[in-house]
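Computed from a prediction, not measured in an experiment: that's the story for all the values here. Residues take their numbers from the sequence shown, with the count starting at 1.
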Amino acid sequence: MVAVVEKPIKSGAEPASRLAILRAATEEFALKGYAGARTEGIAREAGVKHALVFYHFKTKEQLYSEVLEDIFSEWFECVFRAFDQKASAQERLLAYVNSYFDFIVEFPLAPKLVQQEQLRQCSARSQPLHRMVERYIRPVHRKLVALLREGISSREFHDLDIEHCTRSISALIVFYFTSNLAVESLKGVDLYPRPRIEARRKAVLDFVSKALFTVADGHESRKA
């Protein structure tokens, strides 16, 4: 069973009731999807009156959109900090990989939420994921492409096919979790216990450094 998000999605001056609704809605939408989620259940889990949900969020669609916005904005801030470090290309790439695992530890429901939105998009031509792609995913992709080019130019990385490399990195860290139902069914394991996440983090960092870096840990990496 995936743990719920324990910390408020956003903090500061926002009313506690609004934050409680967002927390409850994140779990409801992640586990049941948009169609299966019920605002009555969200209110009950948040410990507020049902009417208060529609005081803060005019419609169920608005509540859903804000849950997605909060999750993607948290992810965006986390990974952009990794790219903006004053460090070598190798160090920044590993920091980027690390940042995604840090995000999953803090927001374990995020991949299920994205997976539900992908299913909704196929069935109902939903638009929220398209907005998230333009606002958050494309800028991160551009940063990753620029970093790979820099690393190839400085000879920190092998001469790679950048398009396929970005897809492979995404498959290792992002799609591993957003395809969790297939992985869990195949292996019969829960992906989200902290030790399993840390084991995956270690394996991916090792794989990336050996596959991409011309020099890893002070030794020549194995050539392809």
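- Between atom CD of residue Glu134 and atom CG of residue Leu129 there is a gap of 10.5 Å, rounded to the nearest 0.5 Å.
- For Ser99 (side chain) and Tyr96 (main-chain N/O), a donor-acceptor pair under 3.5 Å exists by modelled atom type.
- Defined by atom type and a distance below 3.5 Å, a donor-acceptor pair is missing between the side-chain atoms of Thr59 and Gln62.
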Determine whether Arg44 and Glu28 satisfy the following criterion, salt bridge (Lys or Arg N to Asp or Glu O under 4.0 Å), listing intermediate values before the conclusion. CA-CA 11 Å; Arg44 185 168 55 253; Glu28 184 86 357; over 6 Å; no
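- Formation of a donor-acceptor pair under 3.5 Å by the Gln90 side chain with backbone atoms of Glu156 is found in this model.
- A pairwise comparison of heavy atoms in Gln116 and Gly33 identifies OE1-CA, 3.4 Å as the closest pair.
- Atom CZ of Phe207 has 12 or fewer heavy atoms from other residues, nucleotides or ligands within 6.0 Å.
- Neither side chain, Glu69 nor Tyr64, offers a donor N or O lying under 3.5 Å from an acceptor on the other.
- The CG atom of Asp102 lies 5.5 Å from the SG atom of Cys78; values are rounded to the nearest 0.5 Å.
- Considering all non-hydrogen atoms of both residues, Ala110 and Ile71 come closest at CB-CG2, 3.7 Å.
- Shown here for Val140 and Phe76, the closest heavy-atom pair between the two residues is CG2-CD1, 3.8 Å.
- Under a cutoff of 6.0 Å and an axis angle of 45°, Arg135 and Phe72 do not form a cation-pi pair.
- Closest approach of Ala43 to Val53, counting heavy atoms only: CB-CG2, 3.8 Å.
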Using salt bridge (Lys or Arg N to Asp or Glu O under 4.0 Å), reason through Asp206 and Lys210 one step at a time and then give a plain yes or no. CA-CA 6 Å; Asp206 183 60; Lys210 289 179 178 177; 3.4 Å; yes
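- You'll find the side chain of Leu93 reaches within 4.5 Å of the side chain of Phe157, heavy atoms only.
- The distance from the CG atom of Leu144 to the CD1 atom of Ile169 is 5.0 Å, given to the nearest 0.5 Å.
- Smallest separation of non-hydrogen atoms from His158 and Phe213: NE2-O, 3.3 Å.
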Go through Arg167 and Glu163 one step at a time and tell me if the salt bridge (Lys or Arg N to Asp or Glu O under 4.0 Å) criterion holds. CA-CA 7 Å; Arg167 292 178 184 177; Glu163 179 183 354; 2.6 Å; yes
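- Under the side-chain contact (heavy atoms from CB on, under 4.5 Å) test applied with Phe29, the options Lys60, Glu117, Lys112 reduce to a single match, Lys60.
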Could you go through Ile173 and Val208, starting from their C-alpha distance and side-chain angles, then the distance that decides it, and tell me whether this counts as side chain to side chain contact (heavy atoms under 4.5 Å, CB included)? CA-CA 11 Å; Ile173 60 176; Val208 166; over 6 Å; no
I would like to know whether Asp84 and Arg92 meet salt bridge (Lys or Arg N to Asp or Glu O under 4.0 Å); could you show each step before the answer? CA-CA 8 Å; Asp84 290 340; Arg92 277 177 283 146; over 6 Å; no
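- A centroid separation of less than 6.0 Å is found between the aromatic rings of Tyr192 and Phe177.
- Partner Leu113 forms a side-chain contact (heavy atoms from CB on, under 4.5 Å) with one of Val67, Thr178, Leu31 and no other, that one being Val67.
- Taking the six-membered ring where the residue is Trp, Phe107 and Phe103 present tilted rings, their angle falling between 30° and 60°.
- In this structure, OG in Ser65 is found 4.5 Å from CD in Glu61, a value given to the nearest 0.5 Å.
- Formation of a donor-acceptor pair under 3.5 Å by the Arg194 side chain with backbone atoms of Val105 is not found in this model.
- Across all non-hydrogen atoms, the minimal contact from Met132 to Leu68 is SD-O, 3.9 Å.
- Between the side chains of His56 and Ser17, at least one donor-acceptor pair of N or O atoms lies under 3.5 Å.
- Checking side-chain atoms of Thr214 against main-chain N and O of Arg155 turns up a donor-acceptor pair under 3.5 Å.
- With hydrogens and angles ignored, the 3.5 Å screen pairs a side-chain donor or acceptor of Glu91 with a backbone N or O of Ser88.
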